[in-house]
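Presented below is the structure to which this report refers.
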2 protein chains.
Amino acid sequence: MRKQVLIFGLVGGVLITLLQWTEFHFIVLEHSVAIYGVLIAILFAGAGIWLGTRLLAPRGRVGEVAVPGPSKADSIPDDRARERLGITPRELEVLQLVARGLSNREIGETLFVSESTVKTHCSRAFDKLGARRRTEAVRRGKELGLIG
Amino acid sequence: MRKQVLIFGLVGGVLITLLQWTEFHFIVLEHSVAIYGVLIAILFAGAGIWLGTRLLAPRGRVGEVAVPGPSKADSIPDDRARERLGITPRELEVLQLVARGLSNREIGETLFVSESTVKTHCSRAFDKLGARRRTEAVRRGKELGLIG
DNA sequence: GACAAAATCATACGAAAGAATGACGCGCGA
DNA sequence: TCGCGCGTCATTCTTTCGTATGATTTTGTC
């Protein structure tokens with residue numbers, strides 16, 4: 001199933017155990033249970049945000065994540081040009097972020113993938129575009145109507 | 001600011017208070033503090049997911065109206081913007097070649113200067129544009145009407 | 001379930017790019 | 001004539017890019 005859910009569960013269990021341990025041994029001896037609650041609340045709020053973003057942000061059709069950019073009317077011509085060049089949706093997504101001036105690292109953070117993955121997508125996209133640099137790829141992409 | 005954050009905070013406070021209340025009056029009388037923790041964990045995990053999605057949904061950096069206006073019939077459309085930013089003519093020249101996807105070496109060959117010189121111009125231009133990468137500089141340049 | 005296409009990630013290595021610094025000459029205005 | 005902006009160039013160093021290679025995991029389809 002979703003790997004994230006498992007991680008969430010595991011980490012959650014560990015955290016609770018850990019908190020209970022500290023609770024029973026140190027904190028509660030002098031402070032109220034409220035501290036315990038607040039700690040858990042903060043931790044799980046953060047964990048929830050992480051889970052939420054990871055679960056619902058990426059993974060979608062083409063320009064769904066953070067790249068609405070041009071009007072939606074462009075999503076169709078985009079797709080034709082894209083398929084004609086054999087560029088995958090993900091590759092195009094990365095390419096659009098490249099065109100926005102993001103570094104590979106930033107793109108990875110935006111799409112919740114590793115920098116390695118971004119590099120792979122970039123390389124393949126560049127190859128399919130006949131570009132050897134990212135600036136060149138951006139230019140070709142705009143010429144071909146791939147990018148707004 | 002983010003309305004969601006406020007709501008999150010308020011709901012969180014209410015929940016904690018409420019949980020504390022119930023804790024002290026009913027549950028803890030018969031069960032361990034663990035139940036308290038698990039409840040808070042679940043609630044805030046859910047809240048976190050909600051916050052996370054809500055926070056990331058409008059993450060499209062909208063306001064990207066594609067074409068920047070200043071490209072009138074003015075024979076010198078970029079000169080005003082250029083001077084306003086303190087960018088020298090030579091720097092702009094280099095920047096335009098950068099936008100064409102040329103490498104520093106190629107730019108040097110095109111302008112009959114060394115690669116070092118190109119790098120210097122680039123660095124200064126990037127600085128004046130508030131860009132940290134050439135792709136970002138190109139983007140900013142287009143937004144500001146510096147490059148066609 | 002098997003299969004193919006996509007997507008993910010890692011590691012290593014060479015090539016660019018970029019920052020920082022210092023230097024030199026030229027033209028121009030005070 | 002001096003100062004200053006601009007253009008030029010080099011060197012050193014760090015960071016980022018890009019390629020190559022191989023592997024695993026999703027995911028949609030038959």
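FYI, side chains are in, hydrogens and waters are out, and symmetry mates aren't considered; it's all heavy atoms of this structure. Labels below follow one simple rule: chain letters A, B, ... track the order of the sequence lines, proteins then strands, and each chain is numbered from 1.
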For this session: Take A:Thr88 and B:Thr135, find for each the nucleotide of DNA chain C with the closest heavy atom, and name the residue whose nucleotide sits nearer the 5' end.
Result: A:Thr88
Problem set entry | Carboxylate-amine/guanidinium contact B:Arg139 B:Glu136, below 4.0 Å | no
For this session: Nearest 0.5 Å please: distance from the CD1 atom of A:Ile107 over to the OG atom of A:Ser114.
Result: 12.0 Å
Exercise. Atom CZ of A:Arg132 and atom P of D:dA20: how far apart are they, to the nearest Å?
Worked result: 11 Å
For this session: Using atom CZ of B:Arg124 as one end and atom P of C:dA20 as the other, report the distance to the nearest whole Å.
Result: 12 Å
Seminar exercise, completed: d(A:Arg105 CZ, A:Thr110 OG1) to nearest 0.5 Å is 12.5 Å
Exercise. Is A:Asn104 close to A:Arg134 at the side-chain level, that is, under 4.5 Å between some pair of heavy atoms?
Worked result: yes
Problem set entry | A:His121 side-chain N/O to C:dA7 phosphate OP1/OP2 under 4.0 Å | no
Exercise. Reckon B:Ser103 touches a base, only the sugar-phosphate, or nothing at all at heavy-atom distances under 4.0 Å?
Worked result: sugar-phosphate
For this session: Would you mind classifying the nucleic acid contact of A:Ser123 as base, sugar-phosphate or nothing, using non-hydrogen atoms under 4.0 angstrom?
Result: base
Problem set entry | Nucleotide of D:dT16, C:dA7, C:dA19 approaching B:Phe126 most closely (side-chain heavy atoms) | C:dA19
Exercise. In whole angstrom, what separates A:Arg105's CZ from D:dC17's P?
Worked result: 9 Å
For this session: Side-chain contact test, heavy atoms from C-beta onward, threshold under 4.5 Å: evaluate it for B:Val118 versus B:Leu111 and give yes or no.
Result: no
For this session: Hey, which sits more toward the 5' end of DNA chain D by its nearest nucleotide, B:Pro89 or A:Asp127?
Result: B:Pro89
Exercise. What's the CG-P distance between B:Leu129 and C:dG18, to the nearest Å?
Worked result: 12 Å
Exercise. Which pair of heavy atoms, one from A:Ala99 and one from A:Val138, lies closest together, and at what distance?
Worked result: CA-CG2, 3.6 Å
Problem set entry | Contact list for DNA chain D against residues 109-116 of chain B - heavy-atom distance below 4.0 Å | B:Val113, B:Ser114, B:Ser116
For this session: Look up atom CZ in A:Arg90 and atom OG1 in A:Thr120, then write down how far apart they are to the nearest 0.5 Å.
Result: 12.5 Å
Exercise. Side chain of B:Thr120: nearest nucleotide among D:dT8, D:dT16, C:dA7?
Worked result: D:dT8
Polar-atom pairs under 3.5 Å, protein N or O versus N or O of nucleotides 24-30 of chain C: list them with distances, or write none.
none

Seminar exercise, completed: Here the pair of heavy atoms bringing B:Thr135 nearest to A:Gly101 is OG1-CA, 3.6 Å
Exercise. Atom CZ of A:Arg134 to atom C1' of D:dT15: distance rounded to whole Å?
Worked result: 13 Å
For this session: Taking all non-hydrogen atoms of both residues into account, name the closest pair between A:Leu146 and A:Leu95 and its distance.
Result: CD1-CD2, 4.4 Å
Seminar exercise, completed: Looking only at D:dG18, D:dG7, C:dA7, the nucleotide nearest the A:Arg133 side chain is D:dG18
Exercise. B:Thr117 near the nucleic acid: base, sugar-phosphate alone, or nothing, with a heavy-atom cut-off under 4.0 Å?
Worked result: base
Exercise. Rounded to the nearest Å, what distance is computed from the CD atom of residue A:Glu91 to the C1' atom of nucleotide C:dT8?
Worked result: 13 Å
Exercise. Between B:Lys119 (NZ) and C:dT21 (C1'), how many Å, whole number?
Worked result: 14 Å
Output side-chain donor-acceptor pairs under 3.5 Å for residues 121-130 of chain A, partner residues at least two apart or in another chain, one line each.
from	atom 1	to	atom 2	distance (Å)
A:Lys128	NZ	A:Gly86	O	2.9
A:Lys128	NZ	A:Glu91	OE1	2.9
A:Lys128	NZ	A:Glu91	OE2	3.1

Exercise. Quick one: A:Asn104 CG to C:dA17 P, roughly how many Å, whole number?
Worked result: 14 Å
